[in-house]
Amino acid sequence: MSETPKYNLQHRFDGPEDAPVLILGASLGTTWHMWDRQIPELSRHWRVFRFDMPGHGGAPAHPCGSVGELAERLLATLDELGVQRFGYAGCALGGAIGVELALRHPQRVASLALISASPRFGTADEFRQRGVIVRSNGLDPIARSAPERWFTPGFAAAQPAITDWAVQMVRTTDPGCYIAACEALAAFDVRAELGRTGVPTLVLVGSEDQVTGQGEARTLVAGIPDARLAVVPGASHLAPVEQPAAVTDLLVRHFSSAWQAAPDTATGQSAIAAPPVKPVLAPPPPAPMAEIAPMEQPEAAGSVRPDPYDAGMKVRREVLGDAHVDKALASADDFSGDFQELITRYAWGEVWNRPGLDRRSRSCVTLTALVAGGHLDELAFHTRAALRNGLTPAEIKEVLIQAAVYCGVPAANSAFKVAQAVIREETTPQE
């Protein structure tokens, strides 16, 4: 067990100290205990390293807002422990971290296993909506629905103790860290980069997984050059818990036969050799030499500014949601198309993208202005945007009460009716 500083991850080791290191990454809302039934067998062959996500399992609640940041914190932890090269197996969010490591730090990863994983997890809107529900209702609605997402109905009914454990595991997660992890998954999309994953990869999926099913698994296999697919019968999303023996056997076979040797320090190439009976780690390659980045040149007088359209579209989608933006763009024609381009470029690319105010503050200003102008249609979707930007229903209420004083009670009365309907819709957990 470990007491970890702020930027390191809570972790533990199992297995011989001189064995190669195999890392196990857990999924969103779970702890390292989801791997408990794999440890007896895996720790016979490897020094198994497990870690908890920030705010999970009692870990320090220092949120990470991207998969890349989670990967960097994991590497910082490993660096402090002297672990340079390792095998990696991850489930769901843990799998996303594994892909990130293989893409950004390929010299560190000897072999990879992706369980219940995807190159893109659902849609950004789905995960940001989950964050809205957690901010408004806490983690209890998410916790109560976890068993139906994670397990097959038969398993959940036959194993009430494990089902209760799963619910409690989510309930005890720090809400802020859970929301940040949702944001990380909302932004994760490596579909265009899979071809650069250069390590042997096992893609493992439960036959009954309705969260990241066989379609997502086959996308990974089709995109990663050296990947194989394994389907675990009778398992849903949390396959290592539901079918521990089958998952353990697949991991042992994969990491025993597909452990890639470290690059030769002189040539940078890997030797081709017969798979060892027990994987042995070669010395890590030297760190790449630092390069001096060219100095940024001041913008020449009269030079053309970058077009803010792409940045505006990104911000517009993050704030309003893909569904809203897609609907607006789909309805645009020759008459209204230029207007859609105008607001994307200047309202979202210029104003909303300025660094002077955070998005929560911009939502407060926008709600007030819309109340003052009586723009109730726009108030509805900007109330949704305010929730996505991190305002709570209580904070939105305070904005509207403040607006009543300066914009007029009748305007605020109409605004309350609109905002109340939106908040009820957005914060009511889906059954």
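Hydrogens, waters and symmetry mates play no part in the numbers below; they use all other heavy atoms, side chains included.
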Output the distance between atom [atom1] ([X]) and atom [atom2] ([Y]), rounded to the nearest 0.5 Å.
X: L70; Y: I97; atom1: CG; atom2: CD1; result: 4.5 Å
X: D338; Y: I343; atom1: CG; atom2: CD1; result: 12.0 Å
X: I224; Y: L229; atom1: CD1; atom2: CG; result: 11.0 Å
X: R85; Y: W259; atom1: CZ; atom2: CH2; result: 8.5 Å
X: E100; Y: T197; atom1: CD; atom2: OG1; result: 10.5 Å
X: E126; Y: L185; atom1: CD; atom2: CG; result: 11.0 Å

Is there a donor-acceptor pair closer than 3.5 Å between any side-chain N or O of [X] and the backbone N or O of [Y]?
X: T163; Y: P147; answer: no
X: E193; Y: V190; answer: no
X: H237; Y: G206; answer: no
X: T31; Y: D52; answer: no
X: T383; Y: A419; answer: no
X: N389; Y: V319; answer: no
X: S207; Y: G234; answer: yes
X: R73; Y: N8; answer: no
X: E216; Y: G213; answer: yes
X: E242; Y: S236; answer: yes

Original post:
Looking at P54 and C64, what are the two nearest heavy atoms and their distance?
Top reply: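 It is CG-SG, 4.2 Å.
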Subject >> Non-hydrogen atoms of F188 and R120 that approach each other most closely >> reply: O-CG, 3.7 Å
Subject >> With E426, the salt bridge (charged side-chain N to carboxylate O under 4.0 Å, His left out) member among R388, R135, R384 >> reply: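 Single pass found, and it is R384.
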Could you tell me if the side chain of [Y] sits less than 4.5 Å from the side chain of [X], heavy atoms only?
X: L24; Y: I39; value: yes
X: Y88; Y: V199; value: no
X: R130; Y: L28; value: yes

**OP:** Could you label the plane-to-plane angle of the H382 and W348 rings as parallel, tilted or perpendicular, counting under 30° as parallel and over 60° as perpendicular?
**Re:**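 It falls in the parallel class, under 30°.
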**OP:** Just say parallel, tilted or perpendicular for the rings of F13 and H11, cut-offs at 30° and 60°.
**Re:**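 The arrangement is perpendicular - the two ring planes meet at more than 60°.
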Original post:
Side chains of R149 and S145: do they bring a donor and an acceptor to under 3.5 Å?
Top reply: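 Looking only at side-chain atoms, S145 and R149 do form a donor-acceptor pair, the distance falling under 3.5 Å.
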Original post:
Looking at R144 and D140, does any basic side-chain N land under 4.0 Å from a carboxylate oxygen?
Top reply: yes
